[in-house]
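Written below as structure tokens is the structure these notes are about.
Counting begins at 1 with the first residue of the sequence. These values consider heavy atoms only, across backbone and side chains, with no hydrogens, waters or symmetry-generated copies.
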Amino acid sequence: MAEREERRGLLQGEDDSESSPSSSKYGSSSEKQLSACCDPSRLLHRIVVLIFMCFLGFGSYFCYDNPAALQTQIVQDMDLNTYMFMQLYAWYSWPNVVLCFLGGFLLDRVFGIRLGTIIFSLFVCVGQVIFAAGAFFGAFWLMELGRFVFGIGGESLAVAQNTYAVSWFKGKELNLVFGLQLSMARLGSTVNMNIMGWIYSSVKGLVGSPGHTTLGITLLIGCATCIFSLICALVLGYLDKRAEKILNKEQGKTGEVIKLTDVKDFSISLWLIFIICVCYYVAVFPFIGLGQVFFIEKFSFSAEQARAINSVVYIISAPASPVLGFMVDRIGKNIIWVMCAVITTLAAHMMLAFTFWNPWIAMSLLGLSYSLLACALWPMVAFVVPEHQLGTAYGFMQSIQNLGLALISIASGYILDNRGYLFLEVFFSACVCLALIAVVMLYFVDLLRGGDLNLSAKKRGQLQQISDTEAEQRERLLQQNREDLAQLRPMSAFGLRNRYLSRLGAQLPDHYCSHLSSLAYRSVLK
């Protein structure tokens with residue numbers, strides 16, 4: 001019974017379970033009527049919800065890297081250069097420079113989590129359909145429009161996915177849930193890298209020749225994963241609405257509070273974290289977008305081999321992210337882990353640029369370092385900003401990340417067209433070097449200011465325990481003060497007069513009460 005109540009607490013929240021005895025009673029009666037698979041308060045039902053939750057972003061991540069999986073086909077069939085090809089990634093990032101600030105607000109205040117998730121899933125589906133239609137009709141501008149619409153839904157759908165996770169899972173379960181969601185997202189990217197080329201070949205066999213028509217049909221088939229994710233959004237909305245009725249639970253919210261005025265209060269440590277984020281990720285995602293042709297030209301791989309090795313980063317990230325996240329949580333020392341990830345990424349890019357070693361080695365290192373940096377870098381924001389500024393800090397971080405990805409994607413295409421892959425790899429290495437410089441600066445800034453970014457998990461836990469104890473003591477004192485103030489009830493003028501007369505020695509009748517003014521006034525009326 002205790003375990004059952006604990007599981008219900010994870011879904012309802014501690015406040016609801018303590019302050020709503022009627023809902024607890026209702027929940028108890030529901031347990032007798034519903035099976036474990038259908039009862040929202042039971043672990044088995046929440047596992048079912050988790051399955052749909054993980055597949056919610058599968059279609060978005062699958063279709064995001066459709067251009068990378070079909071780089072050769074898109075360039076040839078649409079008669080593009082690399083600069084124009086990379087515009088497909090830039091157009092995805094442009095809307096998210098702004099939507100990173102607005103996504104949480106729209107989910108909390110305008111649409112609600114259920115309707116918002118469905119709307120953003122529809123944007124993803126419609127964007128992919130427009131993208132495929134542009135390829136089918138040979139209209140590249142229409143493909144760019146499709147990627148823009150796709151981008152409007154893609155990042156905001158990830159915010160909705162995280163909001164559902166926080167709504168259904170709390171405490172220690174939440175870290176595992178986030179890890180599983182990230183693993184499923186990377187699985188979608190991996191499947192895309194390895195299957196879209198085969199789908200294109202199959203469609204080409206049916207159509208009879210390559211061309212933009214074959215490309216359009218292939219991309220439209222990829223849209224099936226977006227439709228699948230939309231179905232998951234509809235099912236999640238139904239299950240969440242049902243749980244709200246049964247358990248009297250509130251609809252999930254992002255909890256984000258965006259105030260642009262908070263930017264002026266950001267510390268130098270936070271700005272250095274922003275620089276690391278931008279300089280690192282612009283050397284990973286644009287490289288993957290252009291990687292297929294790189295491996296074909298430099299290492300003489302077949303198209304299938306090139307797609308396989310280009311997906312290694314995502315293949316490694318899927319199982320490694322939860323494991324590395326658990327390790328960082330247990331050990332701490334976030335800055336050291338970020339430094340290790342950046343140095344390893346720099347080594348991987350230099351191996352790809354200046355050696356002919358088997359690229360599986362460099363790509364495996366890149367996959368591990370990419371996973372490690374994500375686990376160590378993003379939590380550091382919560383260590384350097386107050387809780388009320390977290391929404392602004394994360395929104396700004398994602399915004400400048402998308403701005404950097406948009407600009408560097410365009411620059412990467414231009415460099416490749418005019419200078420070749422060697423110069424492009426040197427450019428990526430230079431970006432990682434900037435990230436490394438920012439990490440070293442962050443280490444010394446944190447050391448000089450006595451920050452806790454590089455503390456061990458044990459030391460950080462002790463400081464957190466002390467902070468929680470002090471906060472509890474302050475709350476206890478405030479509560480005591482409120483109780484004391486509540487006891488100091490103001491006296492009426494009649495009561496003050498009676499007290500004054502009593503202190504002077506005047507004899508008052510027994511029915512005169514200085515505290516019960518109603519009785520006193522009644523005696524006067526008599």
Side-chain angles (χ1 to χ4, degrees), residues 50-70 88-97 99-100 102-104 106-107 111 113-132 143-165 177-196 218-237 254 281 285 288-289 311 313-314 317-318 321 374 398 401-402 405-406 409:
L50 177 61
I51 293 173
F52 287 103
M53 205 178 293
C54 289
F55 280 108
L56 179 62
F58 183 87
S60 173
Y61 282 92
F62 180 93
C63 293
Y64 169 78
D65 269 323
N66 276 173
L70 298 170
L88 298 175
Y89 282 100
W91 279 108
Y92 174 90
S93 297
W94 287 128
N96 293 301
V97 175
L99 280 178
C100 287
L102 297 179
L106 292 174
L107 288 171
F111 301 132
I113 179 61
R114 292 187 285 266
L115 179 60
T117 303
I118 295 171
I119 290 174
F120 291 135
S121 297
L122 281 172
F123 268 105
V124 169
C125 289
V126 172
Q128 182 66 13
V129 170
I130 296 174
F131 182 53
M143 295 180 70
E144 292 179 313
L145 176 63
R147 292 291 286 185
F148 183 85
V149 175
F150 184 86
I152 292 175
E155 295 292 317
S156 298
L157 185 61
V159 175
Q161 189 180 27
N162 292 337
T163 306
Y164 265 128
V177 169
F178 279 140
L180 290 174
Q181 286 183 344
L182 181 60
S183 297
M184 185 57 66
R186 296 311 171 206
L187 179 62
S189 301
T190 302
V191 174
N192 160 71
M193 288 288 190
N194 290 279
I195 200 174
M196 287 302 289
T218 302
L219 293 173
L220 192 61
I221 292 174
C223 185
T225 59
C226 297
I227 296 174
F228 174 69
S229 293
L230 175 60
I231 294 173
C232 290
L234 294 170
V235 174
L236 272 176
T254 64
Y281 283 110
F285 292 125
I288 294 175
S311 65
V313 173
Y314 295 142
S317 177
S321 294
Q398 291 174 318
Q401 180 193 20
N402 279 282
L405 287 173
S409 295

- State, with a plain yes or no, whether a side-chain heavy atom of Ser229 is found less than 4.5 Å away from one of Tyr61. no
- Note: Cys125 and Cys226 closest approach over all heavy atoms is SG-O, 3.2 Å
- Atom SG of Cys232 and atom OH of Tyr164: how far apart are they, to the nearest 0.5 Å? 11.5 Å
- Task: Could I get the full list of side chain to side chain donor-acceptor pair (under 3.5 Å) partners for Trp94, not counting sequence neighbours?
- Result: none
- Message: Just checking Phe58: does its CZ atom have more than 12 heavy atoms from other residues, nucleotides or ligands closer to it than 6.0 angstrom?
- Response: yes
- Enumerate the residue pairs fulfilling side-chain hydrogen bond (donor to acceptor under 3.5 Å, both in side chains) with a member in residues 187-196, sequence neighbours excluded, ordered by first and then second residue. Asn66-Asn192, Asn194-Ser311
- Message: Quick one, Asn96 and Leu99 - any side-chain contact, counting heavy atoms below 4.5 Å?
- Response: yes
- Mind listing the closest non-hydrogen atom pair of Met196 and Ala69 along with its distance? CB-CB, 3.9 Å
- Query: Is any side-chain heavy atom of Val124 closer than 4.5 Å to a side-chain heavy atom of Cys63?
  - Reply: no
- Working to the nearest 0.5 Å, report the span between CD1 of Ile118 and CD1 of Ile113. 10.0 Å
- Query: How long is the gap from CD1 on Ile152 to CG on Leu157, to the nearest 0.5 Å?
  - Reply: 13.5 Å
- Less than 4.5 Å apart, any side-chain heavy atom of Leu50 and any of Leu180? yes
- Query: Of the non-hydrogen atoms in Met53 and Gln161, which two are nearest, and what is the gap between them?
  - Reply: O-NE2, 2.8 Å
- Which word best sums up how the rings of Phe55 and Phe228 line up, parallel for under 30°, tilted for 30 to 60°, or perpendicular for over 60°? perpendicular
- Task: Would you name the heavy atoms of Ala68 and Met193 that are closest together and state the gap between them?
- Result: CB-CE, 3.7 Å
- Atom of Gly151, atom of Pro95 and distance for their closest heavy-atom approach: C-CG, 4.0 Å
- Rounded distance (nearest 0.5 Å) linking atom CZ of Phe285 with atom CG of Leu405: 7.0 Å
- Message: Using 30° and 60° as the class boundaries, would you call the ring planes of Phe120 and Phe123 parallel, tilted or perpendicular?
- Response: tilted
- Item | From Leu88 atom CG to Phe131 atom CZ, the distance as rounded to the nearest 0.5 Å | 5.0 Å
- Item | Qualifying residues under side chain to side chain donor-acceptor pair (under 3.5 Å), relative to Tyr64, sequence neighbours excluded | none
- Distance, nearest 0.5 Å, that separates OH of Tyr89 from CD1 of Ile288: 8.5 Å
- Closest heavy-atom pair and its distance - Leu219, Gln128: O-NE2, 3.2 Å
